[in-house]
Chemist: 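Take this structure first; my questions come after.
In what follows, residues are counted from 1 in the order of the sequence shown.
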Amino acid sequence: MSRWPSVGVVVPTRGDRPGLLREAVAAVLGQDYAGGLAVVVVSDGGPAPEVPDRRVRVLPNTLTPGLPGARNTGIAALDTDLIAFCDDDDVWLPGKLTAQVRALLDDDGEFASCAIEVEHGRRRVARLAGASVVTAADLVRSRMVMVHSSTFLFRRGVLRPDESAPGGQNEDWDLALRAAKRRPIVHVDRPLVLVRWAGSHYAARWADRIAGLEWMLARHPELAVDPRGAARVYGQLAFGHAALGQRWAAARWALRTLSARLGEPRAAIALAVAAGLVSAPTVQAALHSRGHGI
């Protein structure tokens, strides 16, 4: 390859987990990549992080508070050919960047992802797509957890996160879905990013998660058309209401889930949580230990 494109990496952080942030940044800087590499850490509230490396710029989020605004702040500060994201508690594995850039250029694509390893406690589970491209239909039918924000690599100027996402919820799914509607996502189906779930502060923000799912249904009406995709979203809404103790709302969404797809297990799980037979954190912990979410 005569010229490797420059890559700018945006690492949003809240500033309250400096050890994880340093590990994330070190893994990015440690990539064996032949092109130019720039890293911007964007602080979204909390204490300003200290990153003892002159190759890294640390900026405050100057846009909407939350992940979308932090990411857009970082994008605006970069003039690289490509943009990549890495959450402050995730780790890029060796070879990640080179493999994705090569795949993106070979396919003349706009947007790339890769498979992941999910870490929960002492367990790691690889999540593969079983494909080299991800289409809009794929992302309607399934959220495809391996199409994770810390795997995103895309051409600068093509797309930006939408800052209207409630609480920053589902802005990454929305971004991937909008990208796939333009052109199929180029996917490297090897686990090249370690995603840590145990410490995520988004896992239990149920009101935000409910609002984020409703936002996605309004923005992407096709989510309510595919039976499997609709049942998954409705089941997540049922579970969210159950986790908040809103039994009647959970029951209504569970019935809607079953009307979309009779065999959708999230309906039964949500009803069990609503009835007090099991707690929402217990369900999540069991799923996360297997590399899955609700």
Chemist: Do His120 and Trp197 make the cut of ring centroids closer than 6.0 angstrom?
Modeler: no

Chemist: When Asp174 is tested against each of Arg160, Arg143, Arg219 for salt bridge (charged side-chain N to carboxylate O under 4.0 Å, His left out), which residue passes?
Modeler: Arg219

Chemist: With under 30° as parallel and over 60° as perpendicular, where do the rings of Tyr33 and Trp4 fit, or are they tilted in between?
Modeler: perpendicular

Chemist: Side chain to side chain donor-acceptor pair (under 3.5 Å) between Ser113 and His187: does it pass, once the steps are laid out?
Modeler: CA-CA 5 Å; Ser113 61; His187 182 77; 2.8 Å; yes

Chemist: Compare all side-chain heavy atoms of Val41 with those of Pro12 and state whether any distance is below 4.5 angstrom.
Modeler: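 SC-SC contact between Val41 and Pro12 ruled out.
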
Chemist: Output all residues satisfying salt bridge (charged side-chain N to carboxylate O under 4.0 Å, His left out) with Arg261, sequence neighbours left out; order by chain, then residue number.
Modeler: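 Checked Arg261 against salt bridge (charged side-chain N to carboxylate O under 4.0 Å, His left out); matches are Glu264.
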
Chemist: I'd like a table of donor-acceptor pairs (distance under 3.5 Å, sequence neighbours excluded) in which one partner is a side-chain atom from residues 232-254, with atom names and distances.
Modeler:
residue, atom, partner, partner atom, Å
His241, ND1, Gln246, OE1, 2.5
Arg247, NE, Ala274, O, 3.0

Chemist: Should Val133 and Val145 be counted in the same cluster of Ile, Leu, Val, Met, Phe, Trp and Tyr side chains packed under 4.5 Å apart?
Modeler: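 No: no chain of side-chain contacts under 4.5 Å links Val133 to Val145.
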
Chemist: Residues in salt bridge (charged side-chain N to carboxylate O under 4.0 Å, His left out) with Glu214, at least two apart?
Modeler: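 Counting only residues at least two positions away or on another chain, Glu214 forms no salt bridge (charged side-chain N to carboxylate O under 4.0 Å, His left out).
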
Chemist: Check each of Asp226, Thr135, Leu223 against Arg141 using the side chain to side chain contact (heavy atoms under 4.5 Å, CB included) test, and report the only one that passes.
Modeler: Asp226

Chemist: Same cluster or not: are Met144 and Val125 linked, directly or through other Ile, Leu, Val, Met, Phe, Trp or Tyr residues, by side-chain heavy atoms under 4.5 angstrom apart?
Modeler: no

Chemist: Between Glu23 and Arg196, is a salt bridge (charged side-chain N to carboxylate O under 4.0 Å, His left out) present by the stated rule, with each step listed?
Modeler: CA-CA 12 Å; Glu23 188 177 357; Arg196 292 173 167 138; 3.1 Å; yes

Chemist: Look at the side chain of Asp44 and the backbone N and O of Gly66, then say whether any donor-acceptor pair between them is shorter than 3.5 Å.
Modeler: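 Side chain of Asp44 to backbone of Gly66: a pair is present.
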
Chemist: Do Val188 and Val9 sit in one hydrophobic cluster, given that two such residues count as connected whenever their side-chain heavy atoms are within less than 4.5 Å of each other, even indirectly?
Modeler: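 Not linked; separate clusters.
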
Chemist: What is the distance from atom OG1 of Thr64 to atom CD of Glu171, rounded to the nearest 0.5 Å?
Modeler: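 Between atom OG1 of Thr64 and atom CD of Glu171 there are 11.5 Å.
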
Chemist: Regarding Arg183 and the six-membered ring of Phe111, is the cationic atom NZ or CZ under 6.0 Å from the ring centre and inside 45° of its axis?
Modeler: no

Chemist: If you group Ile, Leu, Val, Met, Phe, Trp and Tyr by side-chain heavy-atom gaps below 4.5 Å, do Leu159 and Val7 land in one group?
Modeler: yes

